[in-house]
Amino acid sequence: MGSEPDPSPDSTEADATEADATGAGTTEADATPAVELDGVTKRYGDTAAVDDVSLRVRDGEFFTLVGPSGCGKTTTLRLIAGFEEPTAGEIRFSGESVAGVPPEDRDVGVVFQNYALFPHMTVGENVGYGLNFADPPEGVTRDERVAELLDLVDLPDAADRDPESLSGGQQQRVAMARALAPGPDLLLLDEPMSALDAQLRERLRVQVRKIQSELSITTVYVTHDQEEALAISDRVAVMRDGRPEQVAPPRTVYREPSSRFVAEFVGDNNVFAGRVVDVEAGAVEGDGPESDVAPRTAGVDVGGETLRVGVGGEGGDSLAPGDRLTFCVRPEYLRIAEGKSRLTATVASAEFLGETTRVTLDRGGRDLVVRTRDPLSGEVVVGFDPEDAHVIGVDET
Ligand code: ATP
């Protein structure tokens, strides 16, 4: 029977604990979510762009939808914004259904990839345009509100400038100020940085996160860039074929991917599969009350070499010889001639990245990726420690 760990279709208590530790808004896992998708499907003809999605976004959270092209990220965002209505299922804001509520009545600010600033208006007028849909807070004039927002996005002197005289990153900050002007409850950002170059993207993502934190505004962010998703979010939903495959804080998605797809989509990874040859109970390390029990490990035959893999987590308890195990080891945990589990491979190519070199090794026709500071060539032995392997799935015999 296959017992691949369930992909988490929605937030779990464990996620809530880790998200809280990283400062993600609500501390109670069962507090009313700011945004909730309940069995939401959106079909275009035969295509289910969004396929029975259930998700909860917490109040004040920075929540990111990430995934390859066509996985349904933008459609999910458009459904939340109200530009599309679901074919099935319900969307709730703070517990209230928004079915039939038009976008302008949803209290959402939206920023798209192409800044969409009005070229015939100054920067200040563009931001002020956002105030056509809601009055400034009481006691604050329109001009004061515009100045406040330009301060927030770190463009205090730009009010009289022509938008086209600004850089792409600055224009995108103006677009954010305009979206935030009416004081929305929810900020929706659809690939806001994809038109910018890499350096600008890195700078802007720090600024976007800072603005979001200052306002504590619930934010749903769409990107296809997994690094950006990890860097900016409280939690990430990795989407595939119209559904979230894993929903978790960035560290969990990176270290404990729930499936092979997530393991390979998020960052470099080395995925192995093989038959279990033995299972060892964890040895007691040290003596006395402070002693630790090391996690259980399994010996796994991968292409003729037995690799020891930590199996303390899911699927570990019932594991038996003959079972087929899939696991992954991040390149940073594969070390040259070190580690308890060792395997031999041949250098196929190397990319010098400055701080490290990313080396692709060939092992019996399969690629392995390591990161190293030293030049490598020919045949090399690489290894990892059992606890640095993460089990993705078990097929019991
Ligand atoms: P990308 O990163 O390329 O923008 P995405 O993850 O945002 O992709 P969506 O734009 O949500 O994906 O599209 C999901 C699927 O739905 C795709 O197969 C797309 O072709 C289809 N789709 C989206 N909008 C429409 C539409 N208006 N009519 C028909 N099909 C659509």
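First listed ligand is number 1; within each ligand, the first listed atom is number 1. One is the number of the first residue; the rest follow in order along the sequence. Computed over heavy atoms, backbone and side chain alike; hydrogens, waters and symmetry mates excluded.
Ranked by closest heavy atom to atom 3 (O) of ligand 1, the top entry among Gly45, Gly72, Gly242, Ser69 is Ser69.
Screening Val108, Leu187, Val57, Thr76 against Val220 for a side chain to side chain contact (heavy atoms under 4.5 Å, CB included) leaves a single residue, Val57.
Sorted by first then second residue, the side-chain hydrogen bond (donor to acceptor under 3.5 Å, both in side chains) pairs that include residues 99-109, not counting sequence neighbours, are Glu85-Arg106. Listed by first then second residue, pairs satisfying ring pair (Phe, Tyr, Trp, His ring centres under 6.0 Å) with a partner in residues 226-273 read Phe261-Phe265, Phe272-Phe327, not counting sequence neighbours.
Listed by number with element, the atoms of ligand 1 under 4.0 Å from a non-hydrogen atom of Gly70 are 1 (P), 3 (O), 5 (P), 6 (O), 8 (O), 12 (O), 14 (C), 15 (C), 17 (C). For ligand 1 and Pro68, the ligand atoms under 4.0 Å from any heavy atom of the residue are 6 (O).
When distances from atom 20 (O) of ligand 1 to the protein are checked, no heavy atom turns up under 4.0 Å. Per-atom contact check: atom 25 (C) of ligand 1 touches the protein, criterion being a heavy-atom distance below 4.0 Å.
In this structure, atom 10 (O) of ligand 1 lies nearest to the protein heavy atom Thr74 CB, 3.8 Å. Counting only heavy atoms of the protein, atom 16 (O) of ligand 1 lies nearest to Ala49 CB, 3.1 Å. Closest protein heavy atom to atom 11 (O) of ligand 1: Thr75 OG1, 2.5 Å. Protein heavy atom at the shortest distance from atom 23 (C) of ligand 1 is Tyr44 CE1, 3.6 Å.
Heavy-atom separations between Cys71 and ligand 1 include at least one value shorter than 4.0 Å.
Contact annotation for His224 and ligand 1: no heavy atom of the residue comes within less than 4.0 Å of the ligand.
For Val111 against Ala175, the heavy-atom pair with the smallest separation is CG2-O, 3.9 Å.
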